[in-house]
Amino acid sequence: MTDGASKTGPFKGHHREQRPMQNRTYTADADPGETVTVAGWVHEIRDLGGIAFLILRDKTGKLQIKFEKDEMDDDLVETGLGVHRESVVSVTGRVEEEPRAPTDVELVPDSVDVLAEADPELPLDPSGKVEAELPTRLDNRTLDLRKPEVKAIFEIRAEILRAVRDYFRSVGCTEINTPKIVATGTEGGTELFPITYFGQEAFMNQSPQLFKQLMVGSGLERIFEVGPIFRAEEHNTPRHLNEATMIDFESSFIDHNEAMDVCEGTLKAAYEGVAENCQEQLDRLGYEEFETPDGDFPRLTYEEAIERVNATGELDEQLVWGDDLSTEAEKALGDDIGGHYFITDWPSEIKPFYIQDYDDDPDLSKGFDLMHPRMELVSGGQREHRYDELVTGFEQQGLDPDQFEYYTKMFKYGMPPHAGWAYGVERVVMTMLDLPNIREAVLFPRDRQRLSP
RNA sequence: GCCCGGGUGGUGUAGUGGCCCAUCAUACGACCCUGUCACGGUCGUGACGCGGGUUCAAAUCCCGCCUCGGGCGCCA
């Protein structure tokens with residue numbers, strides 16, 4: 001940038017007071033010998049009498065600020081030690097090497113500015129001396145995310161999304177966005193949130209399924225989307241949300257086996273990204289060793305899966321062909337396998353209409369699920385791309401094809417064979433970090449009871 | 001949708017009929033303390049979700065309401 005350009009910008013060089021943050025130094029970058037201005041939150045004040053320490057916290061860590069009462073200006077001491085915890089301050093002073101300080105450096109202040117005073121009684125304690133329950137934490141998410149271990153979850157979540165996006169690009173995908181306000185549901189089964197759209201009945205979208213299929217028939221061919229989905233089920237569990245974030249993938253000219261390859265690739269990329277780039281966050285969360293999945297994920301057919309569940313002897317009643325896997329069955333199988341695995345070749349009748357059946361066995365579908373030992377992560381499959389078969393599938397599942405004409409119509413104009421899948425970001429975060437509740441993996445969860453904040 | 005459990009100071013808890021004008025920790029207020037790092041010490045402020053009932057006596061038992069969490073189903 002030239003001098004001339006900089007003078008026309010929002011921050012003019014000779015008005016330093018208009019950009020106080022420009023000169024801010026992160027606590028982690030405060031090196032001995034420098035005079036710096038740091039800014040952040042008052043984590044704690046330890047007043048020992050003649051000497052007192054203010055611990056300042058910012059996004060990079062904590063820095064100790066020393067106040068020697070007899071040797072320093074009274075106003076400075078009064079301002080620095082008179083603030084409540086979690087107030088926002090900026091402090092200018094000299095950084096000194098000090099082996100007795102927690103980080104081996106401390107700041108000797110010349111001036112302290114209180115930018116925002118905090119109320120003395122906090123709804124939760126960011127220093128973590130006293131635990132808070134999840135509802136209290138969610139009601140006060142701003143304070144909650146001042147805790148380094150809570151912040152770490154969302155830094156890791158961001159890294160998962162980065163790694164997944166990079167992986168998708170590496171296999172030739174284009175990122176798309178599809179509408180979240182829609183006229184009809186996807187599968188007809190799940191409850192939708194009804195809304196009014198200029199006087200017309202409409203719904204919050206339950207899944208990008210139909211839209212992403214329409215796009216594999218477009219010139220884009222191979223696409224992914226990261227976006228919200230909305231489901232009006234009144235479930236109350238630690239693994240369901242009414243608004244979740246889905247990672248959807250769909251590609252032309254691949255089958256369900258190749259779709260599983262991509263699925264496995266994205267998940268491994270997510271684990272590897274976190275292992276490579278989030279060691280500090282993992283440390284904060286207390287991970288001794290973070291294991292990335294190695295080797296190929298086992299691919300069990302549905303038939304093999306129910307046989308294996310029955311062989312564990314964990315279930316009171318044996319599964320028979322055609323049964324869906326109950327939560328109990330999923331857990332028994334997950335314990336038995338001990339890692340991620342696919343279940344393939346599901347009975348057609350428990351998979352949606354858009355999943356293709358085997359030509360030589362119409363009772364068997366090319367649908368698959370990716371499972372973590374704790375829960376289902378992904379649902380996907382080879383799609384039905386043939387117009388006549390698709391419309392027949394609608395009718396067999398009791399759906400009216402006319403309602404989905406915008407979708408089926410495009411299958412008349414050259415829809416290539418295609419396959420894809422979708423997984424829930426929150427479930428990936430939750431299983432990766434072994435979080436007890438899916439609400440931990442969302443900043444502001446929407447569940448049966450919670451609409452605010 | 002069906003079923004189960006819980007709500008005690010700001011926060012997290014102890015207390016299952018009288019021992020409770022309610023325990024402990026932390027926070028908050030006051031005072032003491034020159035190397036803390038969950039700083040320490042002394043003193044103090046502060047709560048039984050709401051309404052009704054049973055009982056000589058209710059935080060505790062019963063009913064209704066509000067509210068939160070969990071199990072199943074279904075799903076990601």
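Given the structure is predicted, the values throughout are model-derived calculations rather than measurements. Chain identifiers are assigned alphabetically (A, B, ...) following the order of the sequence lines, protein sequences preceding nucleic acid strands; residue numbering begins at 1 within each chain. Just the heavy atoms: all of them, side chains too, but no hydrogens, waters or symmetry mates, feed the values below.
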**Request:** Name the residue closer to the 5' end of RNA chain B, choosing between A:Ile45 and A:Ala132 according to the nucleotide with the nearest heavy atom.
**Result:** A:Ala132
**Message:** Once you measure the plane-to-plane angle for A:Phe249 and A:Phe168, does it fall in the parallel (<30°), tilted (30-60°) or perpendicular (>60°) bin?
**Reply:** parallel
**Prompt:** Is the base of B:A27 touched by the side chain of A:Arg85 through a donor-acceptor pair closer than 3.5 angstrom?
**Reply:** no
**Request:** Check every strand shown and say whether A:Ala101 touches a base, only sugar-phosphate, or nothing at a heavy-atom separation below 4.0 Å.
**Result:** base
**Request:** Would you mind classifying the nucleic acid contact of A:Val378 as base, sugar-phosphate or nothing, using non-hydrogen atoms under 4.0 angstrom?
**Result:** sugar-phosphate
**Item:** Inter-nucleotide P distance (B:A58, B:G51), Å rounded
**Value:** 15 Å
**Request:** Searching all strands shown, indicate the nucleotide that pairs with B:A38 (Watson-Crick or G-U wobble; both distances under 3.5 Å).
**Result:** none
**Asked** If only side-chain N and O atoms of A:Asn140 are considered, is one of them under 4.0 Å from the OP1 or OP2 phosphate oxygen of B:G10?
**Response** no
**Asked** B:U11 phosphate, OP1 or OP2: any side-chain N/O from A:Thr136 under 4.0 angstrom?
**Response** no
**Between B:G1 and B:U11 - P atom distance, rounded Å** = 30 Å
**Asked** So what does A:Asp324 touch, heavy atoms closer than 4.0 Å: a base, only the sugar-phosphate, or nothing?
**Response** sugar-phosphate
**Prompt:** Say you pick atom C1' in B:C19 and the same atom in B:C31; how far apart are they, in whole Å?
**Reply:** 35 Å
**Message:** Looking at A:Arg439, I'd like to know whether one of its side-chain N or O atoms comes within less than 4.0 Å of OP1 or OP2 on B:G70.
**Reply:** yes
**Message:** If you take the centroid of each ring, where Trp contributes its six-membered ring, are A:Phe230 and A:Phe203 closer together than 6.0 Å?
**Reply:** no
**Request:** Determine the Euclidean distance between corresponding C1' atoms of B:C28 and B:G12; express it in Å to zero decimal places.
**Result:** 16 Å
**Request:** Return yes if a side-chain donor-acceptor contact under 3.5 Å exists between A:Asp434 and A:Tyr287, otherwise no.
**Result:** no
**Prompt:** Counting just side-chain N and O atoms, does A:Lys129 come under 4.0 Å of either OP1 or OP2 of B:A27?
**Reply:** yes
**Message:** Side chain of A:Pro135, heavy atoms from C-beta onward: which of B:C28, B:C68, B:U36 has the nearest atom to it?
**Reply:** B:C68
**Asked** Quick one: on RNA chain B, does A:Ile229 or A:Asp447 contact a more 5' nucleotide (nearest heavy atom)?
**Response** A:Asp447
**Request:** Establish, with yes or no, whether the OP1 or OP2 oxygen of B:C75 is under 4.0 angstrom from a side-chain nitrogen or oxygen of A:Ser379.
**Result:** no
**Request:** Describe the nucleic acid contact of A:Lys69 in one word from base, sugar-phosphate, nothing, applying a heavy-atom distance below 4.0 Å.
**Result:** nothing
**Asked** Hey, does the side chain of A:Lys268 reach the backbone of A:Pro293 with a donor-acceptor pair shorter than 3.5 angstrom?
**Response** no
**Asked** Across all strands, who's sitting opposite B:G69 as a Watson-Crick or G-U wobble pair, both distances under 3.5 Å?
**Response** B:C4
**Item:** hbond_proxy A:Glu106 side chain to B:G35 base (donor-acceptor, 3.5 Å cutoff)
**Value:** yes
**Message:** Looking only at side-chain N and O atoms, does A:Asp357 offer a donor or acceptor that is under 3.5 Å from a partner on A:Ser348?
**Reply:** yes
**Request:** Quick one: label A:Glu426 by what it contacts on the DNA or RNA (base, sugar-phosphate, nothing), any heavy atom closer than 4.0 Å.
**Result:** nothing
**Prompt:** For the rings on A:Tyr271 and A:His340, is their centre-to-centre separation under 6.0 Å?
**Reply:** yes
**Asked** Taking the C1' atom of each, how far is B:G44 from B:C48, in whole Å?
**Response** 22 Å
**Asked** Between A:Lys180 and A:Thr178, do the side chains contain an N or O donor and an N or O acceptor separated by less than 3.5 Å?
**Response** yes
**Request:** Mind checking side chain to side chain donor-acceptor pair (under 3.5 Å) for A:Lys331 and listing every partner two or more places apart, or none if nothing turns up?
**Result:** none
**Request:** Go through the structure and list residues passing side chain to side chain donor-acceptor pair (under 3.5 Å) with A:Asp255, not counting sequence neighbours.
**Result:** none
**Asked** If you take atom types as modelled and just measure distance, does the side chain of A:Glu133 reach the base of B:U11 with a donor-acceptor pair under 3.5 Å?
**Response** no
**Asked** For B:C20, which nucleotide in any strand shown is its Watson-Crick or wobble partner with both distances under 3.5 Å?
**Response** none
**Prompt:** What nucleotide among B:G70, B:U36, B:C72 has an atom nearest to a side-chain atom of A:Asn437?
**Reply:** B:G70
**Asked** Can you tell which of B:G35, B:A25, B:C75 lies closest to the side chain of A:Val130?
**Response** B:A25
**Request:** Scan every strand shown for a Watson-Crick or G-U wobble partner of B:U60, both distances under 3.5 Å, and answer none if you come up empty.
**Result:** none
**Item:** Near-strand residues of residues 234-247 of chain A, defined as heavy-atom separation under 4.0 angstrom from RNA chain B
**Value:** A:Glu234, A:His235, A:Asn236, A:Thr237, A:Pro238, A:Arg239, A:His240, A:Leu241, A:Ala244, A:Met246
